*Asks:* 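Encoded as structure tokens, here's the structure I'll be asking about.
Chain naming here is simple, since letters A, B, ... match the order of the sequence lines and numbering starts at 1 in each. Just so you know, these numbers come straight off a predicted model, no measurement behind them.
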Amino acid sequence: MKAFRDETVERLSRASGLSPEAVDRLLVVAEADRGDFALPCFVPAKERKAPPPKVAAEIAAKAEAGGRVAQITAAGPYVNVRLDRARLAQETVEAARAAGPAWGHGSEGAGKTVVVDYSSPNVAKPLAFHHLRSTMIGNSLVRLYRARGWRTVGVNHLGDWGTGFGKLLLAVELWGHGPITAQDPRGLNAMYVRVNAEIAKDPTLEDRARAWFKRLEDGDEVARDLWRRCVDLSMREFQDVYDRLGVTFDHVTGESFYEDRMPGVVAELKGKGLLEESEGALVVRVDRPDDEKEVPPCLIVKSDGATLYATRDLAAAEYRRVTFHFDRALYVVDVGQGLHFEQLKRVLLRAGHPWADAMRHVPFGVLLIGGTRAKTRTGQVVLLADVLDEAVERVEGVIREKNPELADAAEVAKAVGVGAVVFSDLKNRRINDIQLDLESVLSFEGKTGPYVMYSHARACSILRKHGAALPAFPQGGGALLSDAGEQALVRAVARFPERVARAVETDEPSEVATHLLDLCEAFHAYHARGSRDPALRVLTEDATVRAARLHLVDAVRVTLAAGLSLLGMAAPEQM
RNA sequence: GUCCCCGUAGCUCAGCUGGACAGAGCAUCGGUUUCCUAAACCGAAGGUCGGCAGUUCGAAUCUGCCCGGGGACACCA
């Protein structure tokens, strides 16, 4: 598609006298029935002090069609461009099939490194449904960046340190370590919920929890031992869910990993004269004279001498910079932490680290339950593992009903069930808050993961039915893929790579998800019309037509498989 | 109080680096299975793009104010 756009720009540039850059800025993608591209002539008309329709007519008259451009016509104030669709069909199908799983890949990230911090759950709590967001958005971003040539480093920054642990150790002091010895992660969580409830009733317990964390930080052996066992227990449970989701990391480093680096961070800030005492604590002021808003100081050391997560994030940022030399660092963390990352970046900049500008908070909306934010502390959670179980079970039911012959039904149900949950999270823009609505997460009709996977399975089914290897693309076959249904597929396949690039630019996996839905819609409509008219089937009588259509279906299959993979989903060949 | 995000059909959303008539899915109603998987397709109905100004040849898209919802604002992460 890029070659087609470039050529369009070149021809319009020559005809209009505008620079290629100017044409490229103005050129829009037209709706299919109007052509392929359109050039609105309002801006050039203004410069020439002539009416837009006149300018459009002049440009259209001067422009020469040819090559990849079939037709250039004026329509009111617009110049419409129609591409050589036979050529577009052929080049697109050939490019997609040649690329295979690498369709959509690009090289603009070559030589650059991105560190992606995602999932990063707190230890001693189970993975709840809302953890899906950071986990799957981050997982997808890693795949997307890698596809566009970046070297990627996926980091799981476990919350295994902090006052939360003090609370847990306090709980053990109060009620014993039963859940730990019993290897019972849910019991551990119940204890965490209970201790938070107790603290809410009796605020003096808060201080005792802080004291426990201080003991941990000071290296107290009892505290250390309990802590280690809690972390191990949680990690085993996390890994189980990550395996089911197909999520992996390059570096799993808890906040505790930075424990011995924290004094260095504090010393650095002190050495640069940035630390100030405030109400017994040490802070760095990060407001600037030209600020239009208030940016409160960043708290580095608490009044009892213990550190905070800002301290650890500073240590982590410096560590990642030194270790991975990143050109970009993403933090896939909910939108509520915007201020924290703003402060973090400002502290680093004040400390003379210009690379901090490469840090990007990639925010996402929170999960709402009954209109209010889901909180693990109050125990008001839906476990992620339970949702996955439920989804897989429902899919098994659907398979029994619709495809009882399916050989590896259990495996397929796992893939489709998990895919349904994953896709429900990735299909919308990150920033939207999401209401917990299991019915829509577990529905398999309409714009869902199973719908996309089903499209892929149907494409595979047609190719399987054909049996033999695909014949060569027929001479002049592009012209056989010329009707509206086929052209819609060609366009969707052709535009896939630019959507992937855009997903990376905007850190937005939903760019890919919505594009796949568009493609699926076109594919199902194309597929269904064969029910009415055998001549419109892919596997039709005419061998030449059949060959051209098979190539197109294979290009669709390649695109769906590549897209699903970028979203971190499986693409079963049957379901 | 200050700041951030969101506000498009009954519900969930797409469209938002401004461009030709605002699109889907779910739900509702009506069709399609001797036919490449009906997890599908086709059709009907459904919208003051939260409101008011402004910028512009042109605004769902940009700016300001207001309203509504969510969130952040130091010793939690």
*Asks:* Without placing hydrogens or testing angles, list every side-chain donor-acceptor pair under 3.5 Å for residues 396-425 of chain A, not counting sequence neighbours.
*Replies:*
unit_1	atom_1	unit_2	atom_2	d
A/N403	ND2	A/M575	O	2.5
A/S424	OG	A/V421	O	2.8
A/D425	OD1	A/R133	NE	2.8

*Asks:* Please determine whether any donor N or O and acceptor N or O are separated by less than 3.5 Å between the side chain of A/Y309 and the base of B/A77.
*Replies:* yes

*Asks:* B/C41, OP1 or OP2 - any side-chain N/O from A/R532 closer than 4.0 Å?
*Replies:* no

*Asks:* RNA chain B: A/I431 or A/L339, which has the more 5' nearest nucleotide?
*Replies:* A/I431

*Asks:* Nearest to the side chain of A/P297 - B/A24, B/U37, B/A74?
*Replies:* B/A74

*Asks:* How about A/T514 and A/R499: does a side-chain donor come under 3.5 Å of a side-chain acceptor?
*Replies:* yes

*Asks:* When the C1' atoms of B/C26 and B/A9 are compared, how many Å lie between them, rounded to an integer?
*Replies:* 12 Å

*Asks:* Considering only the P atoms, how many Å lie between B/A22 and B/A44, rounded to the nearest integer?
*Replies:* 16 Å

*Asks:* Under the criterion salt bridge (Lys or Arg N to Asp or Glu O under 4.0 Å), which of A/R491, A/R82, A/R5 is the partner of A/D36?
*Replies:* A/R491

*Asks:* Specify the separation, in whole Å, of atom CZ of A/F364 and atom C1' of B/C6.
*Replies:* 16 Å

*Asks:* For A/A457, answer base if it contacts any base atom (sugar-phosphate contacts may also be present), sugar-phosphate if it contacts only those atoms, and nothing otherwise; contact means non-hydrogen atoms under 4.0 Å.
*Replies:* base

*Asks:* Does atom CD (A/E573) have a neighbourhood of more than 12 heavy atoms from anything else shown, all under 6.0 Å?
*Replies:* no

*Asks:* Salt bridge (Lys or Arg N to Asp or Glu O under 4.0 Å): which pairs involve residues 437-447 of chain A, sequence neighbours left out?
*Replies:* A/R394-A/E439

*Asks:* Check for me whether the distance between the ring centres of A/Y258 and A/H157 falls short of 6.0 Å.
*Replies:* yes

*Asks:* If you find the nucleotide of RNA chain B closest to A/T540 and the one closest to A/L299, which residue's nucleotide is nearer the 5' end?
*Replies:* A/T540

*Asks:* Whenever both distances are under 3.5 Å in a Watson-Crick or G-U wobble pair, mark it; put RNA chain B into dot-bracket that way, with [ ] for crossing pairs and | when the partner is on another strand.
*Replies:* ((((((((.[[[[.)...(...]]]].(((((.......))))).....[[[[[..)....]]]]])))))))....

*Asks:* Distance check needed: B/G70 P versus A/R430 CZ, whole Å only.
*Replies:* 22 Å

*Asks:* In whole Å, what separates the P atom of B/A53 from that of B/G18?
*Replies:* 24 Å

*Asks:* In this structure, how many angstroms lie between the P atom of B/A39 and the CG atom of A/L406, rounded?
*Replies:* 13 Å

*Asks:* Nearest-Å distance, CZ (A/R529) to P (B/G43)?
*Replies:* 14 Å

*Asks:* Where do A/Y526 and A/V538 land on the side chain to side chain contact (heavy atoms under 4.5 Å, CB included) test, with the steps shown first?
*Replies:* CA-CA 9 Å; A/Y526 180 64; A/V538 175; 4.0 Å; yes

*Asks:* Is any side-chain heavy atom of A/K345 closer than 4.5 Å to one of A/F341?
*Replies:* no

*Asks:* Touch check for A/M453, heavy atoms < 4.0 angstrom, all strands: base, sugar-phosphate only, or nothing?
*Replies:* nothing

*Asks:* Round to a whole Å and report the spacing from CD of A/E342 to P of B/A74.
*Replies:* 16 Å

*Asks:* B/U48 and B/U55: how far apart are their C1' atoms, nearest whole angstrom?
*Replies:* 22 Å

*Asks:* Determine the Euclidean distance between corresponding P atoms of B/U2 and B/C41; express it in Å to zero decimal places.
*Replies:* 50 Å

*Asks:* Classify A/H527 by what it touches in the nucleic acid, base, sugar-phosphate, or nothing, heavy-atom distance under 4.0 Å.
*Replies:* base

*Asks:* Tell me whether the side-chain N/O atoms of A/Y331 come closer than 4.0 Å to OP1 or OP2 in B/A77.
*Replies:* no

*Asks:* How far does the P atom of B/U32 sit from the matching atom of B/A20, given to the nearest Å?
*Replies:* 38 Å

*Asks:* Given B/C36, is OP1 or OP2 found less than 4.0 Å from the side-chain N or O atoms of A/R546?
*Replies:* no

*Asks:* Summarise protein proximity over nucleotides 13-21 of chain B in one line of letters, 5' to 3': B for base, S for sugar-phosphate only, - for none, counting protein heavy atoms closer than 4.0 Å.
*Replies:* SSS-B-BBB

*Asks:* Considering residues at least two apart in sequence or located in another chain, which fulfil the side-chain hydrogen bond (donor to acceptor under 3.5 Å, both in side chains) criterion with A/E342?
*Replies:* A/R346

*Asks:* Within the structure shown, what part of the strands sits under 4.0 Å from A/S455 by heavy-atom distance: base, sugar-phosphate, or nothing?
*Replies:* nothing

*Asks:* Using atom P of each nucleotide, how far apart are B/C42 and B/C4 to the nearest Å?
*Replies:* 44 Å

*Asks:* Students often get this wrong, so: under 4.0 angstrom with heavy atoms, is A/P296 touching a base, only sugar-phosphate, or nothing?
*Replies:* sugar-phosphate

*Asks:* Check the phosphate of B/U37 against A/K402, side-chain N and O only, distance under 4.0 Å to OP1 or OP2. Yes or no?
*Replies:* no

*Asks:* Could you tell me whether A/R25 contacts a base, only the sugar-phosphate backbone, or nothing, with contacts defined as non-hydrogen atoms closer than 4.0 Å?
*Replies:* nothing

*Asks:* Tell me the interatomic distance from A/D304, atom CG, to B/A74, atom C1', rounded to whole angstroms.
*Replies:* 13 Å

*Asks:* Looking at A/K293, does any N or O in its side chain come under 4.0 Å of the phosphate oxygens OP1/OP2 on B/U2?
*Replies:* no

*Asks:* B/A59 and B/C36: how far apart are their C1' atoms, nearest whole angstrom?
*Replies:* 46 Å

*Asks:* From B/C5, B/C42, B/A74, pick the nucleotide closest to the side chain of A/A525?
*Replies:* B/C42

*Asks:* Test: salt bridge (Lys or Arg N to Asp or Glu O under 4.0 Å). Region: residues 541-553 of chain A. Which pairs qualify, not counting sequence neighbours?
*Replies:* A/E486-A/R549

*Asks:* Assign A/E521 to base, sugar-phosphate, or nothing according to its heavy-atom contacts below 4.0 angstrom with the strands shown.
*Replies:* sugar-phosphate

*Asks:* May I ask you to check whether A/F213 and A/W161 place their ring centers less than 6.0 Å from one another?
*Replies:* yes

*Asks:* For A/L550 and B/C36, what is the distance between atoms CG and P respectively, to the nearest whole Å?
*Replies:* 15 Å

*Asks:* Between A/S461 and B/U37, is there a side-chain N or O to OP1/OP2 distance below 4.0 Å?
*Replies:* yes

*Asks:* Return yes if a side-chain donor-acceptor contact under 3.5 Å exists between A/D334 and A/H130, otherwise no.
*Replies:* no

*Asks:* Please report, rounded to the nearest Å, how far the P atom of B/U37 is from the CD atom of A/E445.
*Replies:* 19 Å

